[in-house]
Amino acid sequence: MSQVKIALFVNGKAQQVPKDALIVELLEELKLSPKMILVEHNNRALLRSEWDGIKLEHGDRLELIRVVAGG
Amino acid sequence: MSQVKIALFVNGKAQQVPKDALIVELLEELKLSPKMILVEHNNRALLRSEWDGIKLEHGDRLELIRVVAGG
Amino acid sequence: MSQVKIALFVNGKAQQVPKDALIVELLEELKLSPKMILVEHNNRALLRSEWDGIKLEHGDRLELIRVVAGG
Amino acid sequence: MSQVKIALFVNGKAQQVPKDALIVELLEELKLSPKMILVEHNNRALLRSEWDGIKLEHGDRLELIRVVAGG
Amino acid sequence: MMSLHTQPWSIAGKTFQSRLFVGTGKFASPELMKSTLACCGTELVTVALRRADLSGLDDPSADILNFIDPQVFQIIPNTSGAMNAEEAVRLARLGVAAGLPKWVKLEIHPDPRYLLPDPIETLKATEMLVKEGFIVLPYMNADPVLAKRLEEAGAATVMPLAAPIGSNRGLETRGQLEIIIEQSKIPVIIDAGLGAPSHAAAAMEMGADAVLINTAIAIASDPRRMARAFAVAVEAGRAAYELGLPQIRRQASATSPLTGFLAD
Amino acid sequence: MMSLHTQPWSIAGKTFQSRLFVGTGKFASPELMKSTLACCGTELVTVALRRADLSGLDDPSADILNFIDPQVFQIIPNTSGAMNAEEAVRLARLGVAAGLPKWVKLEIHPDPRYLLPDPIETLKATEMLVKEGFIVLPYMNADPVLAKRLEEAGAATVMPLAAPIGSNRGLETRGQLEIIIEQSKIPVIIDAGLGAPSHAAAAMEMGADAVLINTAIAIASDPRRMARAFAVAVEAGRAAYELGLPQIRRQASATSPLTGFLAD
Amino acid sequence: MMSLHTQPWSIAGKTFQSRLFVGTGKFASPELMKSTLACCGTELVTVALRRADLSGLDDPSADILNFIDPQVFQIIPNTSGAMNAEEAVRLARLGVAAGLPKWVKLEIHPDPRYLLPDPIETLKATEMLVKEGFIVLPYMNADPVLAKRLEEAGAATVMPLAAPIGSNRGLETRGQLEIIIEQSKIPVIIDAGLGAPSHAAAAMEMGADAVLINTAIAIASDPRRMARAFAVAVEAGRAAYELGLPQIRRQASATSPLTGFLAD
Amino acid sequence: MMSLHTQPWSIAGKTFQSRLFVGTGKFASPELMKSTLACCGTELVTVALRRADLSGLDDPSADILNFIDPQVFQIIPNTSGAMNAEEAVRLARLGVAAGLPKWVKLEIHPDPRYLLPDPIETLKATEMLVKEGFIVLPYMNADPVLAKRLEEAGAATVMPLAAPIGSNRGLETRGQLEIIIEQSKIPVIIDAGLGAPSHAAAAMEMGADAVLINTAIAIASDPRRMARAFAVAVEAGRAAYELGLPQIRRQASATSPLTGFLAD
């Protein structure tokens, strides 16, 4: 039987994930190493400790951010 | 019989005038030539045409302003 | 009978002229308008009045100069 | 019998010394320590080795110079 | 000498020929101020507003407006003395009550030492005054982003400073002024700190639309001649800007033919 | 606009009103040069001397002197192209032979890259030419001691450079120029490198007696207007110098009364 | 050579010896960046935050934080890329979520051409971030009144610009910077536009507490040596400031005895 | 901090590591001068020659040479006080008679006000001294043609001034110094007028081979630290020159990725 999908906006782009997916699963899907990614969920910056408490829902807006070189 | 006086704040200083005095009377009292004075009454800048319509009341705050040289 | 020629150095270049030629004849030969030319003869600047008194001789060095625009 | 004196110009000033005086004797007279003084004799800079060969004569001009701090 | 025929320009739809604003402060007398304005061709003049002296000592003859013909000069009251946006707005309104045109040179500079403008209060006051229909000419530091924000808020011009008021230091803020001029869609008037005609000319050569001079003219030994000196320097600088200045070169470029005299 | 009435000045006893020398090089045509001289009020004009072209290609009509009225302008031949004092003297003598006045702008700059003057040859040529009765105006670097030596040698003026000829870099040598002006007993004419009217005004404000401009005028899109722009800038700078410029201050100095609007 | 023993200084109670901030942008590799930081003695390092690349192309090894030891360096995330106060605050919070210290170099510069900071949004973001307990180091234009308002809003330092980021133009805003330094009660760090060690030394001689250098070091042919050159220039300038620089004189002052050799 | 490893350089075949000349004038005591020389790494030191005091008041202990180890420092007597070439030559010869090396810093500046060098006498003295086998380091104004003539006459270096001796005005003659450095085949040492470490660094960044500092070090509140400050600033500027400084840009160049945070 087919699994239900929901649509998120990740860094401004639409992205399909399974319902109730976790942030780590999303990052896996996107081949992003969790320990290097900062996550903002619906405009709220998340501590890593908060990640697993969050079930992604249809329409959620996420920003996946990295620390890079800068002046 | 003695005339009733009220207290105004003129350019930040207390000033006694007869009750219901008019702005022109105040200027006379202060020896200021009306045609050179701009008047702000309780924070409202007045057009000259408005002067005579105003009866000064106890506690009114007036600013008497002049146009001067400036850069 | 053939006329005798002499060699001058005019503005650093060799130039043949008839013996005893005058400066005006040299200028004519060079198609230079006399009234626009200044002449230095053997390192001596000449006044126009001196031109005709000078018979050009073999080896004479002449500078023919013009006034031009300059800063 | 009194000793014969001659007049020198030392640093532009007249100075009496005994005839045939040596430079070292002049310096002693002036209380100048020889090892700190450079001597120019009649416009000629002298090496120390030359000092003793010189008998001062009437009218000699000497410059007694020191090395000092400078930029 | 023939005029330099510089281009006319305009503020809020009103056209001017002169690119020299003159401030009226610091003159030895109003008569001297009046004749100075008359002989330098300026069309834009600033005045200030201040509390009347209640001690009865105000000289009744000394109404500065008696010495400035509104038919000849655009009179622009400033808001100097205002400590914040609200006070500046109140001063601007008083100018209108006085029958002055609804123009205001917005000045908010609390610090008495350098008289430098407050960017936050200046933007706020500009928004309020534009809403009330004023033609707003804000005095500002040489901040290109603030200039754009004032432009977006509806300012009629920007008036960035060259150096502190009355300092005569010249174009100290040149680098930022060049950016303001490059980016501005409204006239840029260099205000404050210009102490010599060469400073005014240099400001115009950079592409400024106008300059405002007060101290250097008012305290000169002969304000009339000094005002004319600034006026012609402004014209000269503007003309040079319109014609385009020659490129700056590291090496020399001969003005006489380079062929030698003897050797070629 | 009224004139600025700057003081007349003189070189070797001859009085001038204009403080702008104009060089005649680099103009698109002699006609353009002529009309440019006519409209900027200059009274001092330089020309150069060069070997005639023996290829018969010289344009007989192109005698620059046909375009400069000696009744109106003091024509000053320069010695550019001379590699040393001797050549400079020979060129100066040729000018006289040409019927030009016995004035010479002495230029000895062997290096073609920066066209900078040779101090040794320049002093030597000045001594020779003064002995022959020339009015000598030497082009020189901004060297105050050389300026004094040229003055002692009998030069009529000194012409120190602001920057390399044609570089338009402005008053690069300002520090040394100020010393030259302070110490000189003969007129100081700032020559070379002035590329904008503001540069010329600044030179005059420093106390220079005059400036010489060529490149910036001759190559302008409209040399006539640019020449006028320089002419008025020179007048403005000179007037400011005569009146005295205000002192430069570190802090501000208010132009409006500093009593607050509400708070005093 | 012995050290110059310049005074330690502090931001928000944390003490530093080095007065050189180094930005991590533009290095050829993170390894080069790392060794450059190591050899110049800097203690303050900036980083940026950006959206991850979702194309799967992000180099997993390239986590800049792997190359900066937080035990050695105070890591300060900046908010470049933020278009307004709200975005800047969101970026600052993400830095904290990343486990970075609660410090932020506040940068809000919408215009991509000159990258100049927005004074209004910068003040607004400072107020918000201070309320949230951040140590805020705002990048700003050289505006003394804005500097005071940021100080009053609780900024830990101000970081006024010398010239546009990466322009290497040096202390273009010197006049206003001097006023900021004179009036500030919090450290003043000159940021942006310093392109040469002499620029950094001059900034320190003016009394700046520190400077931030990025481009001039990162793009140098040898960033390690250039970083050391800046580091020692900063120390030299600071030492000169602490000792007090000699007064500038118009005339000369002899360094050798002035009695003549022959004539006295 | 690691050294900057700047290139060694040489004068007349003698190699030096330090690019800082230190003048010995104006120190509070010879002991202070000695320890200052010791701690800044200089290898080149100047002294002067003067008539002895015949009043018997000369302090016998005060022989400056007792405080400068000729094994460590290249001692260079100067000719200050000489009014012309002849006197300068006589002073140089006395130095040799004193057992000093046959090097001379040639200074001929008759005017006591600005102490500016005389170009004519300086060239003449250079020719005479070179003929006698001296290593001649002439102090000169910033005149590129004179620099070439001194080079041709056999000078070992040129020592152009940045500003008047002891004025601390910095690189006032920058434009001409750049040309001298570009054209010179012998070392260029910037002498006089450098008042701050940033001035010295800037001179080195221009490509000068060395600088001479005296007043700014000697009159500092702590000459030892100030000398070190100058020494490291010189190294920093030289290192930057050797590495090549980044190009100066009109616009900004981002140091953080320019993709927006939200908007790209």
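The shown structure was predicted, so the numbers you read here are calculated from the model rather than taken from an experiment. Quick note on labels: first sequence line is chain A, next is B, and so on, each numbered from 1.
If you measure heavy-atom distances from H/D111 to chain G, you find no contacts under 4.5 Å at all. Using a 4.5 Å cut-off between heavy atoms, G/Q247 touches chain H through its backbone atoms (N, CA, C, O) alone. Heavy atoms of H/A202 lying under 4.5 Å from chain G belong to its backbone as well as its side chain. Neither the backbone nor the side chain of G/A220 comes within contact range of chain H; no heavy atom of the residue lies under 4.5 Å from a heavy atom of that chain. Within the 4.5 angstrom heavy-atom criterion, only side-chain atoms of H/I219, from C-beta onward, approach chain G. Both the backbone and the side chain of G/L243 come within less than 4.5 Å of a heavy atom of chain H. G/R224 does not touch chain H: none of its heavy atoms, backbone or side chain, sits under 4.5 Å away.
Annotation for H/Q251 and G/S167: closest pair O-CB, 3.8 Å, computed over non-hydrogen atoms. Shortest non-hydrogen contact noted between H/R50 and G/S256 is NH2-CB, 4.1 Å. Nearest heavy-atom pair, H/H5 versus G/R228, reported as atom, atom and distance to 0.1 Å: CD2-NH2, 4.4 Å. The minimum heavy-atom distance between G/A254 and H/K26, with the atom names listed, is O-CE, 2.7 Å. Scanning both residues, G/I248 and H/N168, for their nearest heavy atoms gives CG1-O, 3.4 Å.
The neighbour count for G/Y114 OH, taken as heavy atoms of other residues, nucleotides or ligands under 6.0 Å away, is above 12.
Contact annotation: the side chain of H/M226 approaches that of G/L245 to within less than 4.5 Å [non-hydrogen atoms, C-beta and beyond].
A side-chain donor-acceptor contact under 3.5 Å links H/E205 to the backbone of G/S198.
Annotation: the span from H/R249 atom CZ to G/R169 atom CZ amounts to 10.5 Å, rounded to 0.5 Å. We find the CD1-OG1 distance between H/I217 and G/T255 to be 12.0 Å, quoted to the nearest 0.5 Å. Rounding to the nearest 0.5 angstrom, the gap separating the CG atom in H/L115 from the OG atom in G/S253 is 8.0 Å.
Contact tally against chain H (heavy-atom pairs below 4.5 Å) for G/A218, G/G25, G/A236: the top residue is G/A236. Contact count versus chain G (heavy atoms, under 4.5 Å) is highest, among H/A48, H/A252, H/G166, for H/A252. Contact count versus chain H (heavy atoms, under 4.5 Å) is highest, among G/A239, G/G170, G/A196, G/A200, for G/A196.
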